[in-house]
Amino acid sequence: MPALALPPLPQPPAEATIAALAAELEAAEGGLVLHRSLEERTRLSRDFHDYSPVLTPLLAGRIAQLAVSAATVEQVMAVAAACARHGVPLTLRGAGTGNYGQCVPLAGGVVLDLSGLNRVRRIDPSSGVLEAEAGCRLADLDGALAPQGRALRMAPSTWRSATLGGFIAGGSGGIGSVRWGFLRDPGNLLALEVVTVEPQPRLLRLAGAAAQALNHAYGTNGILTAVTVATAPAVDWQQVVVDFPDWWAALEVARSLPATAMELDDLTLLEAPLAAGLPWSQGCPPPAAGHHRLLLLAAPDALPLLPAWLAERGGTLRWQQPQGSSRGGTLRELTWNHTTLHWRGRHGGWTYLQLMLPVPERPLMEAVAERWGARVLWHLEGVRQGGVARLSALPVVQLGDAAALNELIAFCRDHGAGVADPHELTVEEGGSGLVDPEQVAAKAAHDPAGLLNPGKLRGWVGPA
Ligand code: FAD
(Lines give C-alpha, C1' and ligand atoms only; values in the text may rest on other atoms or scores of the structure.)
Protein backbone atom coordinates (compact mmCIF):
# COMPACT_ATOMS: atom_id res chain seq x y z
CA MET A 1 0.00 0.00 0.00
CA PRO A 2 1.47 3.43 -0.89
CA ALA A 3 2.20 6.03 1.80
CA LEU A 4 -0.46 8.71 2.13
CA ALA A 5 -0.23 11.77 -0.14
CA LEU A 6 -2.22 14.98 -0.08
CA PRO A 7 -5.26 15.00 -2.40
CA PRO A 8 -5.40 17.48 -5.32
CA LEU A 9 -6.00 20.90 -3.76
CA PRO A 10 -6.84 24.41 -4.95
CA GLN A 11 -3.99 26.93 -4.83
CA PRO A 12 -4.06 29.01 -1.61
CA PRO A 13 -5.53 32.45 -2.40
CA ALA A 14 -3.21 35.37 -3.12
CA GLU A 15 -2.31 37.46 -0.07
CA ALA A 16 -3.99 40.46 -1.71
CA THR A 17 -7.27 38.51 -1.77
CA ILE A 18 -6.91 37.69 1.93
CA ALA A 19 -6.15 41.35 2.69
CA ALA A 20 -9.30 42.44 0.85
CA LEU A 21 -11.37 39.81 2.66
CA ALA A 22 -9.94 40.86 6.04
CA ALA A 23 -10.69 44.53 5.35
CA GLU A 24 -14.26 43.63 4.48
CA LEU A 25 -14.73 41.55 7.66
CA GLU A 26 -13.23 44.29 9.79
CA ALA A 27 -15.70 46.77 8.36
CA ALA A 28 -18.64 44.42 8.92
CA GLU A 29 -21.04 45.21 11.74
CA GLY A 30 -20.92 43.12 14.89
CA GLY A 31 -17.35 42.74 16.14
CA LEU A 32 -15.77 39.74 14.44
CA VAL A 33 -12.32 39.00 15.93
CA LEU A 34 -9.56 38.64 13.33
CA HIS A 35 -6.31 36.80 14.15
CA ARG A 36 -3.47 37.77 11.85
CA SER A 37 -0.32 36.84 13.79
CA LEU A 38 1.51 33.69 12.73
CA GLU A 39 1.33 32.45 16.32
CA GLU A 40 -2.48 32.74 16.50
CA ARG A 41 -3.01 31.39 12.99
CA THR A 42 -0.78 28.41 13.79
CA ARG A 43 -2.60 27.71 17.06
CA LEU A 44 -6.00 27.83 15.38
CA SER A 45 -4.86 25.63 12.46
CA ARG A 46 -3.85 22.69 14.65
CA ASP A 47 -5.55 19.68 16.17
CA PHE A 48 -4.34 16.42 17.69
CA HIS A 49 -3.21 14.75 14.46
CA ASP A 50 0.28 14.43 15.94
CA TYR A 51 -0.87 11.04 17.28
CA SER A 52 -0.25 9.87 13.72
CA PRO A 53 3.31 9.50 12.40
CA VAL A 54 1.76 9.52 8.91
CA LEU A 55 -0.29 12.72 9.20
CA THR A 56 2.29 14.73 11.15
CA PRO A 57 4.79 15.27 8.31
CA LEU A 58 2.00 15.55 5.75
CA LEU A 59 0.28 18.41 7.57
CA ALA A 60 3.39 20.29 8.69
CA GLY A 61 3.18 23.95 7.72
CA ARG A 62 -0.51 23.85 6.74
CA ILE A 63 -1.63 27.14 8.29
CA ALA A 64 -4.59 29.43 7.63
CA GLN A 65 -3.82 32.78 6.04
CA LEU A 66 -6.37 34.39 8.36
CA ALA A 67 -8.23 33.12 11.43
CA VAL A 68 -11.54 34.61 12.54
CA SER A 69 -13.56 34.09 15.74
CA ALA A 70 -17.33 34.44 15.50
CA ALA A 71 -19.82 34.68 18.37
CA THR A 72 -23.16 35.03 16.57
CA VAL A 73 -24.97 33.43 13.64
CA GLU A 74 -24.94 36.79 11.83
CA GLN A 75 -21.15 36.93 12.11
CA VAL A 76 -20.88 33.39 10.73
CA MET A 77 -23.04 34.45 7.78
CA ALA A 78 -20.82 37.47 7.16
CA VAL A 79 -17.69 35.25 7.03
CA ALA A 80 -19.41 32.69 4.78
CA ALA A 81 -20.56 35.43 2.39
CA ALA A 82 -17.12 37.06 2.21
CA CYS A 83 -15.34 33.74 1.60
CA ALA A 84 -17.84 32.84 -1.14
CA ARG A 85 -17.47 36.23 -2.86
CA HIS A 86 -13.65 36.07 -2.77
CA GLY A 87 -13.40 32.31 -3.51
CA VAL A 88 -11.44 31.71 -0.29
CA PRO A 89 -11.30 28.23 1.35
CA LEU A 90 -13.01 28.11 4.75
CA THR A 91 -12.16 25.54 7.43
CA LEU A 92 -14.26 25.33 10.59
CA ARG A 93 -13.01 24.83 14.09
CA GLY A 94 -14.59 24.05 17.45
CA ALA A 95 -12.01 23.26 20.13
CA GLY A 96 -9.49 21.63 17.77
CA THR A 97 -9.35 18.29 19.61
CA GLY A 98 -9.88 16.15 16.50
CA ASN A 99 -7.37 13.43 15.71
CA TYR A 100 -7.35 13.24 11.93
CA GLY A 101 -6.17 16.72 11.01
CA GLN A 102 -9.87 17.37 10.56
CA CYS A 103 -9.67 21.11 11.14
CA VAL A 104 -6.22 21.65 9.63
CA PRO A 105 -6.64 23.82 6.51
CA LEU A 106 -5.01 22.03 3.57
CA ALA A 107 -5.30 24.90 1.09
CA GLY A 108 -4.76 27.99 3.25
CA GLY A 109 -7.63 30.47 3.38
CA VAL A 110 -9.63 31.18 6.53
CA VAL A 111 -10.08 29.15 9.71
CA LEU A 112 -13.33 30.08 11.43
CA ASP A 113 -13.34 29.51 15.19
CA LEU A 114 -16.92 28.81 16.30
CA SER A 115 -16.28 28.34 20.02
CA GLY A 116 -17.87 31.75 20.71
CA LEU A 117 -21.30 30.47 19.62
CA ASN A 118 -21.97 29.11 23.08
CA ARG A 119 -25.57 29.71 24.06
CA VAL A 120 -28.04 27.04 25.13
CA ARG A 121 -31.24 27.79 23.24
CA ARG A 122 -33.74 25.38 24.75
CA ILE A 123 -34.11 22.33 26.97
CA ASP A 124 -37.57 20.83 26.53
CA PRO A 125 -38.83 20.11 30.07
CA SER A 126 -40.84 17.05 29.10
CA SER A 127 -38.65 15.32 26.50
CA GLY A 128 -35.26 16.65 27.59
CA VAL A 129 -34.45 17.54 23.95
CA LEU A 130 -31.60 20.04 23.86
CA GLU A 131 -30.95 22.73 21.28
CA ALA A 132 -27.67 24.57 21.69
CA GLU A 133 -25.27 26.61 19.60
CA ALA A 134 -22.50 24.68 17.95
CA GLY A 135 -19.64 26.15 19.97
CA CYS A 136 -21.03 25.08 23.37
CA ARG A 137 -18.58 22.92 25.26
CA LEU A 138 -20.00 19.49 26.08
CA ALA A 139 -19.11 19.81 29.77
CA ASP A 140 -21.07 23.08 29.94
CA LEU A 141 -24.05 21.39 28.30
CA ASP A 142 -24.00 18.64 30.93
CA GLY A 143 -23.91 21.44 33.52
CA ALA A 144 -26.96 23.09 31.93
CA LEU A 145 -28.86 19.78 31.71
CA ALA A 146 -28.14 18.65 35.29
CA PRO A 147 -30.75 20.86 37.05
CA GLN A 148 -33.40 19.28 34.80
CA GLY A 149 -32.23 15.77 35.74
CA ARG A 150 -30.85 15.18 32.25
CA ALA A 151 -27.41 14.51 30.71
CA LEU A 152 -25.88 14.19 27.26
CA ARG A 153 -26.34 10.68 25.88
CA MET A 154 -22.74 10.40 24.79
CA ALA A 155 -19.54 12.38 24.85
CA PRO A 156 -15.93 11.98 23.76
CA SER A 157 -13.37 11.66 26.54
CA THR A 158 -12.44 15.26 25.58
CA TRP A 159 -15.84 16.43 26.78
CA ARG A 160 -14.35 19.11 29.04
CA SER A 161 -13.08 21.06 26.01
CA ALA A 162 -14.76 19.66 22.87
CA THR A 163 -17.69 21.55 21.34
CA LEU A 164 -21.08 20.22 20.33
CA GLY A 165 -20.60 21.18 16.67
CA GLY A 166 -17.12 19.64 16.59
CA PHE A 167 -18.43 16.42 18.13
CA ILE A 168 -21.20 16.13 15.55
CA ALA A 169 -18.99 17.09 12.59
CA GLY A 170 -15.83 15.29 13.68
CA GLY A 171 -16.59 12.73 16.39
CA SER A 172 -18.35 9.41 16.32
CA GLY A 173 -19.16 8.24 19.85
CA GLY A 174 -17.49 7.66 23.18
CA ILE A 175 -18.64 7.50 26.77
CA GLY A 176 -22.30 6.44 26.54
CA SER A 177 -21.80 4.46 23.30
CA VAL A 178 -22.20 1.22 25.24
CA ARG A 179 -25.84 2.32 25.79
CA TRP A 180 -26.66 4.63 22.91
CA GLY A 181 -24.48 3.45 20.04
CA PHE A 182 -22.87 6.04 17.79
CA LEU A 183 -23.79 9.62 16.89
CA ARG A 184 -24.85 8.36 13.48
CA ASP A 185 -27.51 6.03 14.94
CA PRO A 186 -30.96 7.46 14.19
CA GLY A 187 -32.46 9.17 17.23
CA ASN A 188 -29.29 10.72 18.68
CA LEU A 189 -28.98 13.78 16.39
CA LEU A 190 -32.39 15.35 15.79
CA ALA A 191 -31.81 18.57 13.84
CA LEU A 192 -29.23 21.12 12.72
CA GLU A 193 -29.17 24.81 11.97
CA VAL A 194 -26.81 25.33 9.05
CA VAL A 195 -25.28 28.31 7.25
CA THR A 196 -24.47 27.78 3.57
CA VAL A 197 -21.33 29.15 1.89
CA GLU A 198 -22.67 31.35 -0.90
CA PRO A 199 -22.47 35.06 -1.74
CA GLN A 200 -25.87 35.31 -0.02
CA PRO A 201 -25.70 32.57 2.61
CA ARG A 202 -28.91 30.82 3.63
CA LEU A 203 -29.78 29.83 7.19
CA LEU A 204 -31.34 26.36 6.99
CA ARG A 205 -33.01 24.08 9.50
CA LEU A 206 -32.36 20.46 8.63
CA ALA A 207 -33.97 17.50 10.38
CA GLY A 208 -33.90 13.72 10.00
CA ALA A 209 -32.01 12.36 6.97
CA ALA A 210 -31.12 15.88 5.78
CA ALA A 211 -29.25 16.48 9.06
CA GLN A 212 -27.55 13.07 8.92
CA ALA A 213 -25.70 14.09 5.75
CA LEU A 214 -23.75 16.64 7.83
CA ASN A 215 -23.16 14.26 10.73
CA HIS A 216 -19.45 13.31 10.72
CA ALA A 217 -18.68 15.18 7.48
CA TYR A 218 -15.74 17.19 8.94
CA GLY A 219 -17.48 20.51 8.24
CA THR A 220 -17.17 19.96 4.47
CA ASN A 221 -20.84 20.40 3.61
CA GLY A 222 -22.27 23.17 5.79
CA ILE A 223 -21.51 25.33 8.82
CA LEU A 224 -23.38 24.09 11.90
CA THR A 225 -24.54 27.00 14.02
CA ALA A 226 -26.93 25.06 16.28
CA VAL A 227 -27.55 21.41 17.06
CA THR A 228 -30.58 19.60 18.50
CA VAL A 229 -29.94 16.30 20.26
CA ALA A 230 -31.84 13.81 22.38
CA THR A 231 -30.59 13.57 25.98
CA ALA A 232 -30.79 10.90 28.68
CA PRO A 233 -32.10 10.90 32.26
CA ALA A 234 -29.13 11.76 34.51
CA VAL A 235 -27.63 8.83 36.45
CA ASP A 236 -25.19 9.10 39.35
CA TRP A 237 -22.61 6.90 37.58
CA GLN A 238 -20.26 4.94 39.82
CA GLN A 239 -16.64 4.50 38.77
CA VAL A 240 -15.60 0.88 39.22
CA VAL A 241 -12.15 -0.64 38.65
CA VAL A 242 -11.78 -4.43 38.35
CA ASP A 243 -8.58 -6.45 37.89
CA PHE A 244 -8.16 -9.80 36.17
CA PRO A 245 -5.12 -12.07 36.16
CA ASP A 246 -6.42 -13.71 32.97
CA TRP A 247 -6.99 -11.70 29.75
CA TRP A 248 -9.48 -14.11 28.21
CA ALA A 249 -11.62 -14.13 31.37
CA ALA A 250 -11.63 -10.32 31.24
CA LEU A 251 -12.58 -10.39 27.56
CA GLU A 252 -15.50 -12.70 28.32
CA VAL A 253 -16.74 -10.26 30.98
CA ALA A 254 -16.41 -7.34 28.53
CA ARG A 255 -18.49 -9.33 26.06
CA SER A 256 -21.20 -10.46 28.44
CA LEU A 257 -21.66 -7.61 30.95
CA PRO A 258 -23.36 -5.23 28.45
CA ALA A 259 -25.89 -8.00 27.73
CA THR A 260 -27.04 -8.06 31.38
CA ALA A 261 -29.61 -5.68 32.89
CA MET A 262 -26.86 -3.89 34.83
CA GLU A 263 -26.76 -0.43 33.29
CA LEU A 264 -23.41 0.95 32.12
CA ASP A 265 -22.27 4.25 30.67
CA ASP A 266 -18.79 3.03 29.78
CA LEU A 267 -16.83 -0.21 29.65
CA THR A 268 -13.09 -0.10 28.96
CA LEU A 269 -10.71 -3.06 29.05
CA LEU A 270 -6.94 -2.53 29.15
CA GLU A 271 -4.17 -5.07 28.67
CA ALA A 272 -1.78 -5.27 31.64
CA PRO A 273 1.18 -3.15 30.37
CA LEU A 274 -1.21 -0.41 29.27
CA ALA A 275 -3.09 -0.49 32.59
CA ALA A 276 0.22 -0.29 34.48
CA GLY A 277 1.13 2.88 32.59
CA LEU A 278 -1.93 5.05 33.33
CA PRO A 279 -2.26 7.81 35.95
CA TRP A 280 -4.93 6.34 38.25
CA SER A 281 -7.28 8.62 40.19
CA GLN A 282 -6.34 9.57 43.72
CA GLY A 283 -6.99 6.60 46.00
CA CYS A 284 -7.24 4.06 43.17
CA PRO A 285 -4.48 1.44 43.55
CA PRO A 286 -2.40 0.61 40.46
CA PRO A 287 -2.97 -2.89 39.08
CA ALA A 288 -0.91 -5.79 40.44
CA ALA A 289 1.91 -6.83 38.12
CA GLY A 290 0.56 -8.57 35.03
CA HIS A 291 -3.09 -7.88 35.85
CA HIS A 292 -5.48 -6.57 33.21
CA ARG A 293 -7.94 -3.87 34.13
CA LEU A 294 -11.63 -3.31 33.44
CA LEU A 295 -13.04 0.21 33.97
CA LEU A 296 -16.78 0.62 34.35
CA LEU A 297 -19.19 3.47 34.79
CA ALA A 298 -22.07 1.56 36.36
CA ALA A 299 -25.50 2.64 37.58
CA PRO A 300 -25.88 2.68 41.40
CA ASP A 301 -28.51 -0.07 41.22
CA ALA A 302 -25.95 -2.40 39.55
CA LEU A 303 -23.62 -2.19 42.56
CA PRO A 304 -25.27 -4.68 44.93
CA LEU A 305 -24.85 -7.45 42.34
CA LEU A 306 -21.75 -6.43 40.42
CA PRO A 307 -18.87 -7.52 42.77
CA ALA A 308 -20.15 -11.09 43.13
CA TRP A 309 -20.99 -11.31 39.41
CA LEU A 310 -17.45 -10.23 38.54
CA ALA A 311 -15.80 -12.47 41.15
CA GLU A 312 -17.57 -15.53 39.70
CA ARG A 313 -15.88 -14.66 36.41
CA GLY A 314 -12.35 -14.14 37.75
CA GLY A 315 -12.43 -10.37 38.44
CA THR A 316 -11.57 -8.55 41.67
CA LEU A 317 -13.13 -5.18 42.40
CA ARG A 318 -10.24 -2.88 43.35
CA TRP A 319 -11.78 0.57 43.61
CA GLN A 320 -15.13 2.29 43.50
CA GLN A 321 -16.18 5.92 43.75
CA PRO A 322 -19.09 8.05 42.53
CA GLN A 323 -18.08 9.94 39.40
CA GLY A 324 -19.42 13.18 40.84
CA SER A 325 -17.06 13.12 43.83
CA SER A 326 -13.85 12.61 41.81
CA ARG A 327 -11.06 14.93 42.64
CA GLY A 328 -8.91 15.73 39.60
CA GLY A 329 -9.16 13.28 36.73
CA THR A 330 -12.15 10.98 36.39
CA LEU A 331 -12.17 7.46 34.98
CA ARG A 332 -13.71 9.05 31.89
CA GLU A 333 -10.36 10.65 31.21
CA LEU A 334 -8.62 7.28 31.12
CA THR A 335 -10.93 5.89 28.43
CA TRP A 336 -11.30 6.20 24.65
CA ASN A 337 -8.51 8.24 23.15
CA HIS A 338 -7.41 9.54 26.53
CA THR A 339 -5.85 6.10 27.03
CA THR A 340 -3.74 6.81 23.95
CA LEU A 341 -2.98 10.34 25.19
CA HIS A 342 -1.62 9.10 28.54
CA TRP A 343 0.33 6.23 27.00
CA ARG A 344 1.93 8.50 24.41
CA GLY A 345 2.83 10.94 27.19
CA ARG A 346 5.18 8.28 28.56
CA HIS A 347 5.98 6.37 25.37
CA GLY A 348 6.60 8.82 22.54
CA GLY A 349 6.74 7.10 19.19
CA TRP A 350 3.69 4.92 19.84
CA THR A 351 0.48 5.50 17.91
CA TYR A 352 -2.91 3.79 17.68
CA LEU A 353 -5.63 2.24 15.51
CA GLN A 354 -9.43 2.23 15.68
CA LEU A 355 -11.16 -1.07 15.04
CA MET A 356 -14.57 -2.68 15.32
CA LEU A 357 -13.59 -6.18 16.42
CA PRO A 358 -15.08 -9.20 14.67
CA VAL A 359 -17.16 -11.70 16.64
CA PRO A 360 -15.58 -13.77 18.10
CA GLU A 361 -12.72 -11.40 18.93
CA ARG A 362 -10.18 -13.92 20.17
CA PRO A 363 -8.81 -15.32 16.86
CA LEU A 364 -7.82 -11.84 15.64
CA MET A 365 -6.17 -11.00 18.97
CA GLU A 366 -4.23 -14.24 19.03
CA ALA A 367 -3.09 -13.80 15.44
CA VAL A 368 -1.97 -10.20 16.11
CA ALA A 369 -0.11 -11.27 19.27
CA GLU A 370 1.66 -14.03 17.36
CA ARG A 371 2.84 -11.63 14.65
CA TRP A 372 3.43 -8.34 16.51
CA GLY A 373 3.86 -9.43 20.15
CA ALA A 374 4.04 -6.57 22.67
CA ARG A 375 4.18 -3.93 19.92
CA VAL A 376 0.36 -4.03 19.90
CA LEU A 377 -1.36 -3.55 23.29
CA TRP A 378 -5.10 -4.02 23.45
CA HIS A 379 -7.51 -1.34 24.65
CA LEU A 380 -11.16 -2.31 24.14
CA GLU A 381 -14.32 -0.21 24.45
CA GLY A 382 -17.83 -1.62 24.79
CA VAL A 383 -20.24 -0.14 22.22
CA ARG A 384 -23.64 -0.82 20.73
CA GLN A 385 -23.68 -1.18 16.96
CA GLY A 386 -27.03 -1.43 15.23
CA GLY A 387 -28.54 -2.22 18.65
CA VAL A 388 -26.12 -5.11 19.31
CA ALA A 389 -23.40 -5.09 21.99
CA ARG A 390 -19.96 -5.19 20.36
CA LEU A 391 -16.36 -4.47 21.27
CA SER A 392 -14.42 -1.75 19.51
CA ALA A 393 -10.68 -1.37 20.04
CA LEU A 394 -8.17 1.46 20.14
CA PRO A 395 -4.96 -0.59 20.47
CA VAL A 396 -1.77 1.38 21.02
CA VAL A 397 0.91 0.26 18.59
CA GLN A 398 4.64 0.72 18.31
CA LEU A 399 4.81 0.95 14.52
CA GLY A 400 6.43 4.12 13.30
CA ASP A 401 5.71 4.30 9.56
CA ALA A 402 2.90 4.06 7.05
CA ALA A 403 4.01 0.73 5.59
CA ALA A 404 4.08 -1.01 8.98
CA LEU A 405 0.73 0.49 9.98
CA ASN A 406 -0.84 -0.45 6.66
CA GLU A 407 0.36 -4.02 7.09
CA LEU A 408 -1.34 -4.27 10.50
CA ILE A 409 -4.50 -2.58 9.18
CA ALA A 410 -4.73 -4.97 6.24
CA PHE A 411 -4.14 -7.91 8.59
CA CYS A 412 -6.97 -6.78 10.89
CA ARG A 413 -9.31 -6.28 7.92
CA ASP A 414 -8.44 -9.74 6.59
CA HIS A 415 -9.37 -11.15 10.01
CA GLY A 416 -12.81 -9.48 9.91
CA ALA A 417 -12.23 -6.19 11.79
CA GLY A 418 -13.76 -2.91 10.61
CA VAL A 419 -11.11 -0.16 10.54
CA ALA A 420 -11.68 3.60 10.93
CA ASP A 421 -8.16 4.61 9.97
CA PRO A 422 -6.84 7.54 12.04
CA HIS A 423 -3.86 7.90 9.69
CA GLU A 424 -6.01 9.11 6.80
CA LEU A 425 -7.26 12.60 5.92
CA THR A 426 -10.64 12.13 4.32
CA VAL A 427 -14.08 11.58 5.82
CA GLU A 428 -14.37 8.36 3.82
CA GLU A 429 -11.01 6.79 4.69
CA GLY A 430 -11.39 7.75 8.36
CA GLY A 431 -14.71 5.87 8.35
CA SER A 432 -16.21 3.09 6.28
CA GLY A 433 -14.03 3.77 3.21
CA LEU A 434 -17.16 4.37 1.10
CA VAL A 435 -18.35 7.60 -0.49
CA ASP A 436 -21.72 8.67 0.96
CA PRO A 437 -23.72 10.23 -1.91
CA GLU A 438 -25.90 12.12 0.61
CA GLN A 439 -22.83 13.87 2.04
CA VAL A 440 -21.67 14.83 -1.44
CA ALA A 441 -25.16 16.04 -2.44
CA ALA A 442 -25.29 18.17 0.73
CA LYS A 443 -21.96 19.74 -0.24
CA ALA A 444 -23.26 20.58 -3.69
CA ALA A 445 -26.34 22.18 -2.10
CA HIS A 446 -24.63 24.07 0.75
CA ASP A 447 -21.15 24.78 -0.60
CA PRO A 448 -21.49 24.84 -4.38
CA ALA A 449 -18.02 26.32 -4.96
CA GLY A 450 -16.38 23.62 -2.79
CA LEU A 451 -14.75 26.05 -0.36
CA LEU A 452 -15.41 24.22 2.91
CA ASN A 453 -12.42 22.25 4.24
CA PRO A 454 -10.97 21.40 0.81
CA GLY A 455 -9.41 17.96 0.36
CA LYS A 456 -11.32 16.24 3.15
CA LEU A 457 -14.36 14.83 1.25
CA ARG A 458 -13.08 12.31 -1.29
CA GLY A 459 -16.47 11.96 -2.99
CA TRP A 460 -16.50 15.65 -3.97
CA VAL A 461 -14.87 16.06 -7.36
CA GLY A 462 -15.57 19.75 -7.81
CA PRO A 463 -18.37 22.12 -8.73
CA ALA A 464 -20.77 20.49 -11.22
P1 FAD B 1 -12.71 20.19 16.17
O2 FAD B 1 -11.51 19.34 16.35
O3 FAD B 1 -12.53 21.65 16.29
O4 FAD B 1 -13.40 19.88 14.76
C5 FAD B 1 -13.66 18.57 14.36
C6 FAD B 1 -14.21 18.61 12.93
O7 FAD B 1 -15.48 19.24 12.94
C8 FAD B 1 -13.37 19.42 11.95
O9 FAD B 1 -13.43 18.83 10.68
C10 FAD B 1 -14.05 20.79 11.91
O11 FAD B 1 -13.84 21.42 10.67
C12 FAD B 1 -15.51 20.38 12.10
N13 FAD B 1 -16.31 21.38 12.79
C14 FAD B 1 -16.08 21.95 14.01
N15 FAD B 1 -17.08 22.78 14.33
C16 FAD B 1 -17.96 22.74 13.30
C17 FAD B 1 -19.20 23.39 13.03
N18 FAD B 1 -19.75 24.24 13.90
N19 FAD B 1 -19.82 23.13 11.86
C20 FAD B 1 -19.30 22.25 10.96
N21 FAD B 1 -18.12 21.62 11.16
C22 FAD B 1 -17.47 21.86 12.32
N23 FAD B 1 -13.72 11.56 19.45
C24 FAD B 1 -14.79 10.75 19.68
O25 FAD B 1 -15.69 10.69 18.85
N26 FAD B 1 -14.87 10.01 20.83
C27 FAD B 1 -13.91 10.04 21.79
O28 FAD B 1 -14.07 9.43 22.83
C29 FAD B 1 -12.76 10.87 21.55
N30 FAD B 1 -11.76 10.92 22.47
C31 FAD B 1 -10.68 11.74 22.22
C32 FAD B 1 -9.64 11.80 23.18
C33 FAD B 1 -8.53 12.60 22.93
C34 FAD B 1 -7.44 12.67 23.96
C35 FAD B 1 -8.45 13.36 21.73
C36 FAD B 1 -7.27 14.25 21.47
C37 FAD B 1 -9.47 13.31 20.80
C38 FAD B 1 -10.60 12.50 21.04
N39 FAD B 1 -11.66 12.46 20.13
C40 FAD B 1 -12.72 11.63 20.35
C41 FAD B 1 -11.68 13.36 18.98
C42 FAD B 1 -12.31 14.74 19.33
O43 FAD B 1 -11.92 15.14 20.62
C44 FAD B 1 -13.83 14.71 19.31
O45 FAD B 1 -14.31 14.24 18.09
C46 FAD B 1 -14.42 16.10 19.61
O47 FAD B 1 -15.80 15.96 19.72
C48 FAD B 1 -14.13 17.14 18.56
O49 FAD B 1 -14.69 18.36 19.01
P50 FAD B 1 -13.93 19.75 18.73
O51 FAD B 1 -14.82 20.84 19.19
O52 FAD B 1 -12.58 19.73 19.30
O53 FAD B 1 -13.88 19.70 17.14
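Judged purely by atom type and a 3.5 angstrom limit, S177 uses its side chain to pair as donor or acceptor with the backbone of G181. Without hydrogens or angle criteria, Q148 side chain to L145 main chain gives no donor-acceptor distance under 3.5 Å. A side-chain donor-acceptor contact under 3.5 Å links T196 to the backbone of R202. Panel note: side chain R46, backbone T42; no donor-acceptor pair is recorded below 3.5 Å. The backbone N or O of A71 sits less than 3.5 Å from a side-chain atom of Q75, completing a donor-acceptor pair.
Salt bridge R121/E133: present, at least one basic N to carboxylate O contact under 4.0 Å. Salt-bridge formation is detected for the pair R205/E131: a Lys NZ or Arg NE/NH1/NH2 atom is positioned less than 4.0 Å from an Asp or Glu carboxylate oxygen. A salt bridge does not link R153 with D265: none of the charged nitrogens is closer than 4.0 Å to a carboxylate oxygen.
When side chains are defined from C-beta on, R160 does not count as touching T97, because their heavy atoms never get closer than 4.5 Å. Side-chain contact between S256 and W309 is present, with at least one heavy-atom pair separated by less than 4.5 Å. Looking at N188 and V229, their side chains never come closer than 4.5 Å, going by heavy atoms from C-beta outward. Using a 4.5 Å cut-off on side-chain heavy atoms (C-beta onward), D243 and H292 make no contact.
Below 30°, between 30° and 60°, or above 60°: for Y352 and Y51 the angle between ring planes is above 60°, a perpendicular geometry.
A side-chain donor from one of W336 and D266 sits under 3.5 Å from a side-chain acceptor of the other. Counting only N and O atoms by type, the side chains of T225 and E193 include a donor and acceptor under 3.5 Å apart. Between D421 and H423, the side chains place no donor N or O within less than 3.5 Å of an acceptor N or O (distance only, hydrogens not considered). One side chain, H338 or S157, offers a donor N or O that lies under 3.5 Å from an acceptor on the other. A donor-acceptor contact closer than 3.5 angstrom links the side chains of S69 and H35. Side-chain atoms of N337 and N99 include a donor-acceptor pair closer than 3.5 Å.
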Legend entry - Audit row: D113, R93, salt bridge (Lys or Arg N to Asp or Glu O under 4.0 Å) steps and yes/no: CA-CA 5 Å; D113 161 28; R93 178 186 175 91; 5.4 Å; no
Legend entry - Check against salt bridge (Lys or Arg N to Asp or Glu O under 4.0 Å), E429 and R458: CA-CA 8 Å; E429 255 63 49; R458 194 186 78 206; 2.6 Å; yes
Legend entry - Criterion side chain to side chain donor-acceptor pair (under 3.5 Å) on W247 and E271, from CA distance to verdict: CA-CA 7 Å; W247 174 255; E271 211 180 336; over 6 Å; no
Inset, instruction - Give the intermediate values and the outcome of side-chain contact (heavy atoms from CB on, under 4.5 Å) for residues L214 and L224. - result: CA-CA 8 Å; L214 284 77; L224 315 185; 3.8 Å; yes
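Enclosure of atom CD in Q385 by more than 12 non-hydrogen atoms of other residues, nucleotides or ligands within 6.0 angstrom is indicated.
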